[in-house]
Amino acid sequence: MNKITPFLWFDSQAEEAATFYTSVFKNSKIGKVMRYDAASAKASGRPEGSVLTVEFELEGLPFTALNGGPVLTMGGGVSFVISCDTQEEIDYYWEKLSAGGEPGQCGWINRDKFGMTWQVVPSMLPELIKTPGGMQAMLGMTKLDIAALKAASQG
């Protein structure tokens, strides 16, 4: 049993978000989908039979998505880091997750189309930003470029 599972609050897009995320990450799947029954629909104001929660996995990490209404929204203070070994991986995740969202600086996607915040970074990033040149290069980028970071870190 996992002790900690990210629990994501959506207005009404939990199933759409889970389906999108499981299409982006290769080793992923949708699990149990719970629906509002008569009592929970009455208490929440949600339509009976509509999606309440969706359990899903991304690369083996369990998540639960909730359709809880507009009371809460995602915040940029929490992000999910995708550690990439190649530029091709960075390009793939950046393209998929930033589409319809808001790219940020230094490999951050401030908000994807569902409001989730991501960091798409090379797995070697700590080494690449040890030098002032590497750090300065990273600070000037949106999507990170491994070759440019390597060149900048070597002076």
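Positions are given from 1, in the same order as the sequence printed here.
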Handout entry: Hphob cluster co-occupancy, L72 + V78, side-chain heavy atoms under 4.5 angstrom
Key = no
Handout entry: Linked, directly or transitively: F10 and L66 (ILVMFWY side chains, under 4.5 Å)
Key = no
Exercise for the section: Identify whether the distance between the nearest side-chain nitrogen and carboxylate oxygen of R46 and D11 falls below 4.0 Å. Expected result: yes
Is there a donor-acceptor contact under 3.5 Å from the side chain of [X] to the main chain of [Y]?
X	Y	result
T131	G134	yes
N67	Q13	yes
Y92	V24	yes
S153	L149	yes

From the options [options], select the one residue that forms a side chain to side chain contact (heavy atoms under 4.5 Å, CB included) with [X].
X	options	value
D91	Q87, E89, E88	Q87
W108	V81, L144, T117	T117
C106	K143, M141, M138, Q119	M138

Exercise for the section: Please step through side-chain hydrogen bond (donor to acceptor under 3.5 Å, both in side chains) for the pair D85 and S123, ending with a clear verdict. Expected result: CA-CA 6 Å; D85 292 329; S123 54; 2.8 Å; yes
Note, [X] side chain near [Y] side chain (heavy atom, < 4.5 Å):
X	Y	result
L97	I82	yes
R35	V51	yes
L58	T22	yes
F63	L8	yes
L61	E57	no
P122	L128	yes

Practice task
Start with the C-alpha distance between T142 and W94, add both sets of side-chain angles, then the distance that settles side chain to side chain contact (heavy atoms under 4.5 Å, CB included), and finish with yes or no.
Solution key: CA-CA 10 Å; T142 51; W94 187 268; 4.3 Å; yes
Fill in the blank from the handout: So ring pair (Phe, Tyr, Trp, His ring centres under 6.0 Å) across residues 112-155, not counting sequence neighbours, yields F20-F114, Y21-F114, Y21-W118, F25-W118, F80-W118
Exercise for the section: Report the C-alpha separation of Y36 and S44 in whole Å, then their side-chain angles, then the decisive distance to 0.1 Å, and conclude whether the side chain to side chain contact (heavy atoms under 4.5 Å, CB included) test is met. Expected result: CA-CA 9 Å; Y36 281 96; S44 67; 3.2 Å; yes
Practice task
Begin from the C-alpha positions of I30 and V54 and carry the test side chain to side chain contact (heavy atoms under 4.5 Å, CB included) through to its verdict.
Solution key: CA-CA 7 Å; I30 300 280; V54 179; 4.0 Å; yes
Problem - side-chain hydrogen bond (donor to acceptor under 3.5 Å, both in side chains) evaluation trace for T64 with E55 - result: CA-CA 4 Å; T64 301; E55 295 175 2; 5.0 Å; no
Handout entry: Over 12 non-hydrogen atoms of neighbours within 6.0 angstrom of CD in Q136
Key = no
Exercise for the section: Please assess V120 against C84 for the test side chain to side chain contact (heavy atoms under 4.5 Å, CB included), listing each intermediate value before the final yes or no. Expected result: CA-CA 7 Å; V120 182; C84 301; 4.0 Å; yes
